[in-house]
Amino acid sequence: MNQLTAEDISALDDPVGQSLRSHHAALALTVGRASAYVPEVATFSAVPSAPDRQDWSDLATLLGPGAFADLFSAPTSPPADWRPVFSMAGVQMIAAPDKFVDREEDADVIELGEADVPDMLRLTKQTRPGPFWGRSHELGRYVGVRVAGQLVAMAGERLHPPGWTEISAVCTAPQQRGRGLSRRLVHDVASTIVARGERPFLHVAVDNTTAIALYRQLGFEVRREVRFHGYHTPAR
């Protein structure tokens with residue numbers, strides 16, 4: 001693969017904002033330069049990389065008083081009157097397309113859709129791979145594996161900045177772990193992303209060493225350290 005240029009990769013510095021302004025514009029709510037996903041799709045919101053007071057005011061207006069603002073991996077923090085909810089260290093990982101040029105047909109991997117949402121919510125509640133809501137499947141393509149009719153593993157697409165697609169919601173039910181299901185699902189999702197001319201990337205908590213090791217084995221490398229953080233907007 002050709003060496004990535006700064007322009008190619010800069011979209012990953014603001015993956016939420018870049019997604020909301022491009023591929024996910026139909027799922028976006030905006031006030032001024034602030035934006036957020038519609039409810040039940042995702043809690044992520046975004047302001048410009050160098051926000052001013054008006055940008056934070058617009059985001060507060062968009063979300064409402066005392067509302068949750070998930071800034072995901074944004075490098076900036078809101079004003080002091082925004083109450084912190086959580087902060088967690090993580091990494092952003094990318095893979096070169098040549099790692100997934102060969103898409104292998106896997107008879108066990110099935111496409112997931114609207115009818116599968118109750119099972120997807122049940123599995124993600126059990127395994128906690130990250131936030132997943134009733135309409136999160138609208139963000140992109142999701143796949144899974146069923147055993148005796150029960151959904152036991154899944155993975156899919158989340159953020160979609162220009163030229164890139166994020167792999168997310170990678171999870172396997174505890175009783176089915178050790179069978180390589182996550183590996184197979186990530187490979188399926190990543191190879192599909194590459195087949196349409198884009199590059200796969202993902203985010204993972206820095207203390208999830210098992211997941212990081214798996215992604216390294218699959219061909220992902222850490223691009224940068226990030227901080228996942230969320231706040232409550234001012235009550236008034």
Side-chain angles (χ1 to χ4, degrees), residues 12 15 19 23-24 41-42 44 90-161 164-223:
L12 298 187
S19 299
H23 293 286
H24 288 162
V41 172
F44 303 141
V91 292
Q92 182 184 80
M93 306 182 74
I94 63 175
D98 57 6
K99 299 292 184 181
F100 299 99
V101 291
D102 298 321
R103 189 174 188 279
E104 302 172 359
E105 292 296 330
D106 191 329
D108 293 330
V109 176
I110 59 172
E111 300 269 349
L112 300 176
E114 183 74 31
D116 301 294
V117 168
D119 289 342
M120 297 167 79
L121 291 170
R122 189 177 302 113
L123 180 60
T124 52
K125 182 178 181 180
Q126 178 187 23
T127 58
R128 299 186 181 279
F132 189 89
W133 309 100
R135 294 179 58 190
S136 293
H137 66 285
E138 297 178 26
L139 292 168
R141 174 178 176 265
Y142 282 82
V143 294
V145 173
R146 289 186 178 275
V147 173
Q150 182 178 4
L151 184 67
V152 298
M154 64 177 277
E157 301 172 355
R158 189 168 63 179
L159 299 178
H160 198 169
W164 300 83
T165 300
E166 182 193 28
I167 299 175
S168 185
V170 181
C171 56
T172 301
Q175 67 273 21
Q176 296 294 333
R177 290 172 184 167
R179 297 178 51 199
L181 297 181
S182 290
R183 178 186 298 272
R184 291 159 61 187
L185 290 171
V186 170
H187 191 282
D188 182 277
V189 176
S191 60
T192 300
I193 292 169
V194 171
R196 63 174 182 246
E198 297 177 338
R199 298 183 178 98
F201 76 109
L202 52 84
H203 294 89
V204 59
V206 73
D207 60 358
N208 192 348
T209 55
T210 300
I212 292 174
L214 168 64
Y215 298 140
R216 286 189 184 277
Q217 291 171 10
L218 284 167
F220 287 86
E221 297 181 352
V222 173
R223 179 203 169 218

| message | Exactly one of E157, E198, E111 should register a salt bridge (charged side-chain N to carboxylate O under 4.0 Å, His left out) with R141. Which one does? | response |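 Going through E157, E198, E111 one by one, the salt bridge (charged side-chain N to carboxylate O under 4.0 Å, His left out) with R141 is satisfied by E111 alone.
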Kindly say whether [Y] contributes a backbone atom to a donor-acceptor pair with the side chain of [X] at under 3.5 angstrom?
X: S191; Y: V101; answer: no
X: R183; Y: L214; answer: no
X: H24; Y: L159; answer: no

What's the shortest heavy-atom distance between [X] and [Y], and which atoms?
X: L12; Y: P161; value: CD2-CG, 4.1 Å
X: P129; Y: T124; value: CD-O, 3.5 Å
X: V41; Y: S136; value: O-OG, 2.8 Å
X: Q126; Y: P174; value: NE2-CD, 3.5 Å

| query | In terms of the angle between their ring planes, are H187 and F100 parallel, tilted or perpendicular, with boundaries placed at 30° and 60°? | reply |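 Rings of H187 and F100: perpendicular, over 60°.
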Sequence neighbours excluded and cut-off under 3.5 Å, please list the side-chain donor-acceptor pairs for residues 202-213, or say none.
from, atom 1, to, atom 2, distance (Å)
H203, ND1, E166, OE2, 2.8
H203, NE2, Q92, NE2, 3.1
N208, OD1, A211, N, 3.3

| query | So with a 6.0 Å cut-off around CZ of R128, is the heavy-atom count from everything else above 12? | reply |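 Result for CZ/R128: open.
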| In this structure, are over 12 heavy atoms from other groups packed under 6.0 Å from E221 atom CD? |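 No, not enclosed.
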| side-chain contact (heavy atoms from CB on, under 4.5 Å) partner of L185, the single match among D106, V170, V145 |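 Single pass found, and it is V145.
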In Å, rounded to the nearest 0.5 Å, how long is the span from [atom1] of [X] to [atom2] of [Y]?
X: M120; Y: R122; atom1: CE; atom2: CZ; value: 12.0 Å
X: R177; Y: T127; atom1: CZ; atom2: OG1; value: 6.5 Å
X: H137; Y: M154; atom1: NE2; atom2: CE; value: 10.5 Å
X: I193; Y: T165; atom1: CD1; atom2: OG1; value: 4.5 Å
X: L123; Y: Q150; atom1: CG; atom2: CD; value: 8.5 Å
X: R135; Y: E114; atom1: CZ; atom2: CD; value: 9.0 Å

| request: Before accepting this row, confirm whether a basic side-chain N of the pair R179/D108 lies closer than 4.0 Å to the acidic partner's carboxylate O. | output: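 Not counted as a salt bridge, because no side-chain N and carboxylate O are separated by less than 4.0 Å.
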Would you say the side chain of [Y] lies within less than 4.5 Å of the side chain of [X], judging by non-hydrogen atoms?
X: R158; Y: P131; result: yes
X: K99; Y: P200; result: no
X: V143; Y: T192; result: no

| message | Between F220 and V186, is the side-chain contact (heavy atoms from CB on, under 4.5 Å) condition met? List the steps. | response | CA-CA 11 Å; F220 287 86; V186 170; 4.3 Å; yes
| request: Not counting sequence neighbours, list each pair that qualifies as a ring-ring contact (aromatic ring centres under 6.0 Å, His included) and has a residue in residues 105-133. | output: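 Output for this query lists F132-Y142.
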